[in-house]
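Written below as structure tokens is the structure these notes are about.
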Amino acid sequence: MELLPAEQLLFNRMKDTIRSVYERFGFVPLDTPVMELAEVLLAKAGGETEKQIYQFTKGDNELALRFDLTVPLARYVSEHFGQLTFPYRRYHIGKVYRGERPQKGRFREFYQCDIDIIGDGELSLIHDAEIPAVIYTTFTELGFERFTIRINNRQVLGGLFESLGFADRSADIMRAVDKLDKIGWENVREELQTLGLAESAMDTIRSFLDIQGSPLRMCRALRALGIENERFRAGVDALEEVVRGLTALGVPEKNYRLDVAIARGLDYYTGTVYETILDDHPGVGSVCSGGRYDNLAEFYTNRRLPGVGISIGLTRLFYQLTEAGVFRPGAATPTRILVLPMTDDRTAALAAASQLRAAGIPTEVYLEGAKFKKKMKYANSIGVPFVLILGEEEIRTERYSLKNMATGEQESLALAEIIDRFQAGASVRA
RNA sequence: GUGGGCGUAGCUCAGUUGGCAGAGCGCUAGGUUGUGGCCCUAGUGGUCGUGGGUUCAAGUCCCAUCGCUCACCCCA
């Protein structure tokens, strides 16, 4: 999404925030090409996904644009398996492409901010708790307080359906159940009917979906259903372990809850699944989702590489919240001080700017030969907070006029004083 | 893939039964000799998406095409 300067600065700040949290949790950056051989990206794609992939031919190569960051990760991990250390924790913030009809908040090109933890052969369940801890920290630092990470385990759903004798239709049933929030029980029931479920089975699913309460209470209630199925029990145990991990990691209970209805559409999730919604903007939908998968790279290597991860849809998040007025773009420039030379000789202005920059203050010099009024107008329109005026008098006395654009106040200061003041201010802001 | 809507000035859009191409914002200049925002005045600005057709005459009607957009499916 192309943006105007003020918005792009805001967007980049969000991206930086996400990156810094990811790195704080020990994830290492990865930046694979947006283009891959089509056969790589299409290896396990089918149906809807395949239709959404941009493909083209260049010479003898069939190429395609990545439509997520997980498939390239799978290729990367199998290709560099020998040089990576496991569990491999990587983050990737990059653009992905989907050839679908664009609509509100959905684009052909958008940013995903992924983290994944990949194990070699096995991966401890505690990582499933680490992921929501990262989500919690990220959204908190993005300035949100009211958001909910919804957590489920597909084995719970799968085990339940298996116990009811519908193992073969498990994926379809999950898809229907996943819509509960959106379309309500009656419509879900209709879909289940279409799938051939009997009344008694639907009643069981209904009572299962009705379970609510605190995470640990829900785990007890799920066990109390008395469902005789190994996967189901394993799923509930896994959920409980994740909940205990979250508590240890200090994720407050107000920011997550177990929700046995969520399944995520993608079929490759096999265990824990996550979905995050902003409580005050439910219409935006899930702003961050993901889960656990048994085998990341089965199409590229014989090694079994289980993983768990999530993706933040940054472009949608930014777009929807800007639209809702939650984000207010500020200045249209990173410049803190705009130097305005008043004399034909710009030497003093350029020298002053260099010193300010050396002190770490983002500084710009207005170099066009325009009237003073126009220079001020420029300063105003880019939203720079301060201008530094260098006329003959200022240059001679080496005391420059620093003007605060917001208040209109202007004072005469030596360069060293200005630097002191901004550096003090910088440490306060941080 | 299915079904709507829209393409006119840099931007947002108006344009009546087919009859001189418009407004606001922006930009430029001035009101203010080294002081921005607010205000006032003047000026600048167009292959009407593209190609074809109907007509004395098309921004307006018809066909095609490209682009954008909204909803559905699916998903971030």
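Chain letters run A, B, ... following the sequence lines, proteins first and then strands; every chain starts at 1.
As rounded to the nearest Å, B:rG59 and B:rA9 have P atoms that lie 14 Å from one another. Comparing B:rU55 with B:rC66, their P atoms sit 28 Å apart, to the nearest whole Å. Rounded to whole Å, the C1' atom of B:rG19 lies 28 Å from the corresponding atom of B:rU12. Comparing B:rC48 with B:rG22, their P atoms sit 14 Å apart, to the nearest whole Å. The C1' atoms of B:rU17 and B:rC13 are separated by 23 Å, rounded to the nearest whole Å. Straight-line distance between the P atoms of B:rG46 and B:rU65: roughly 31 Å, to the nearest whole Å. The same atom, C1', is picked in B:rU16 and in B:rG31; the two are 40 Å apart, to the nearest Å. The same atom, P, is picked in B:rA42 and in B:rG26; the two are 16 Å apart, to the nearest Å.
Base pairing analysis places B:rU65 opposite B:rG49; the two distances defining the Watson-Crick or G-U wobble pair are each below 3.5 Å. Using N1 to N3 plus N6-O4 or O6-N4 for Watson-Crick, or N1-O2 and O6-N3 for G-U wobble, each under 3.5 Å, B:rU2 pairs with B:rA71. Nucleotide B:rC25: paired with B:rG10 (Watson-Crick or G-U wobble, both distances less than 3.5 Å). Base-pair partner of B:rC39: B:rG31 (Watson-Crick or G-U wobble, both distances under 3.5 Å).
The one candidate from A:R399, A:R421, A:K403 that meets the salt bridge (charged side-chain N to carboxylate O under 4.0 Å, His left out) condition with A:E411 is A:R421. A side-chain hydrogen bond (donor to acceptor under 3.5 Å, both in side chains) with A:Y293 is found for exactly one of A:T272, A:T70, A:D116, namely A:D116.
Among the protein residues, A:Y111 comes within range of no part of the nucleic acid, since none of its heavy atoms lies under 4.0 Å from any strand. Heavy atoms of A:T315 sit nowhere under 4.0 angstrom from any nucleic acid atom.
Taking A:F318 as the reference, A:F11 meet the ring pair (Phe, Tyr, Trp, His ring centres under 6.0 Å) condition, with sequence neighbours excluded.
A side-chain donor-acceptor contact under 3.5 Å links A:E394 and A:S401.
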Base-contact (B) and sugar-phosphate-only (S) positions in nucleotides 27-38 of chain B, heavy-atom cut-off under 4.0 Å, - elsewhere
-S-S---BBBB-
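Aromatic rings from A:Y319 and A:F110 are positioned such that their centres are separated by 6.0 Å or more. Aromatic ring centres of A:Y378 and A:Y366: separated by under 6.0 Å. Taking the six-membered ring where the residue is Trp, the centroids of A:Y91 and A:F25 are separated by 6.0 Å or more.
B:rC74 atom C1' lies 12 Å from atom CZ of A:F67, rounded to whole Å.
For A:R175 against B:rC74, no side-chain N or O and base N or O form a donor-acceptor pair under 3.5 Å.
In this model, the phosphate group of B:rC74 is not approached by any side-chain N or O of A:R98 to a distance below 4.0 Å at OP1 or OP2.
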